[in-house]
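Reading through the structure tokens given below for one structure.
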Amino acid sequence: MKSVCHKLAPKFITTLLICLFACHNFVEAQVSKKEKNALIALFENTNGESWVHSWDVHTDVASWHGVRIQNNKVVGLDLFRNNLSGSLPQQIGDLKHLEQLNLAFNNLKGELPKSIGKLRKLQLLKIEMNQMNGPIPTEIGDMESLVKFIAFNNFFSGEIPESIGNLSNLQELNLSSNDLAGKIPVGIGTLTKLERLGLFQNRLNGVIPGQLGHLKQLKELVLANNDLGGGIPREFEQLANLEVLQIQNNNIFSFDNILHLNTTKLLVLDYDREKADNRFKEFEIDKTRMADTKFEDEKID
């Protein structure tokens, strides 16, 4: 009997090892090869060996820093303040199940790939405090699930794409401190869920679109430090939830409609008082205050 067991033992061990090896491969195979290759392309393009929290690309993807997997798909990628450099690869668009992408506070350069528009499930895109440049791709308007697009303090240039008006779920748009020029797209006025709009310190010109007055959920509107002209739109009287309005350091020459602003919730009102006539110099709101421009320094919750 002992002899039989002795003979069976090696076979049992061999079978067990084969099963364990197969199970290990099965676990790694949960993430598609296309998604894994996209992550590796990101790693290689952004000097992954020098990241604060680097990846061992020979291990299970689930163990990689900042990667969140759900139902065998990559749904989250949080590489906030992780010393990424270089540029984003086109393969970023192959992470088509992504819901959150946080690449903020790094040293990324180059353009935002057009393939970003393939991320139809993405709700949060944070790329602020990098050195990215070039135009914001028109394909950004294809990201129908996007709720927050935060890209302040980069070097994006060109015009804000009209397609941004397609992002019907957008609640926050912050493109402040870039090199964007041209007019503010009127399509932004169709984003009825928008609560915060930051376009501070660009080279935007033309008049402030009256359509922005249709954004009845808007709490913050920061247009300061641009080349905007004309007057304050009368439609702004519809912004009943507005808490912050900063329009100083522009070429606005008519402040007549400031008197029509709903001040029920207004806490911050910054405009060029020295350019206004005496009627508006007396226009003060006791509870208003000057607000410093704040930069978000946070990770994905």
(request) Please state whether the rings of F43 and W55 are parallel, tilted or perpendicular, taking 30° and 60° as the class boundaries. (result) parallel

Where the side chain of [X] meets the backbone of [Y], is there a donor-acceptor pair that is under 3.5 Å apart?
| X | Y | result |
| --- | --- | --- |
| T190 | G165 | yes |
| N106 | A104 | yes |
| N178 | F156 | yes |
| N37 | S32 | no |

Table please: side-chain donor-acceptor pairs of residues 108-116 below 3.5 Å, with sequence neighbours left out.
unit_1 : atom_1 : unit_2 : atom_2 : d
S115   : OG     : Q90    : O      : 2.6
S115   : OG     : Q90    : OE1    : 3.2

For [X], what residues pass the side chain to side chain contact (heavy atoms under 4.5 Å, CB included) criterion, not counting sequence neighbours?
| X | result |
| --- | --- |
| P89 | A41, L42, N45, Q91 |
| D56 | H58, T59 |
| E195 | Q171, Q217, K219 |

Is there a side-chain contact between [X] and [Y] in this structure, where contact means two heavy atoms from C-beta onward sitting under 4.5 Å apart?
| X | Y | value |
| --- | --- | --- |
| L191 | L197 | no |
| L242 | F236 | no |
| N174 | F149 | no |
| V67 | L77 | yes |
| L101 | L103 | yes |
| H260 | R234 | yes |

(message) Salt bridge check, R196 against E172: does any charged N sit closer than 4.0 Å to a carboxylate O?
(response) no

(message) Regarding N249 and N225, do their side chains bring together a donor and an acceptor under 3.5 Å, going by distance alone?
(response) yes

(request) State, without any angle test, whether S50 and N47 hold a side-chain donor-acceptor pair at a distance under 3.5 Å. (result) yes

(message) Let me confirm one number: the CG-CD distance from N226 to Q248, rounded to the nearest 0.5 Å.
(response) 10.5 Å

(message) Filter on salt bridge (Lys or Arg N to Asp or Glu O under 4.0 Å), then keep only pairs touching residues 199-216, sequence neighbours left out; what's left?
(response) D179-R203

(message) Can you pull out every side-chain hydrogen bond (donor to acceptor under 3.5 Å, both in side chains) where at least one residue sits in residues 158-169? Sequence neighbours excluded, please.
(response) N169-K193

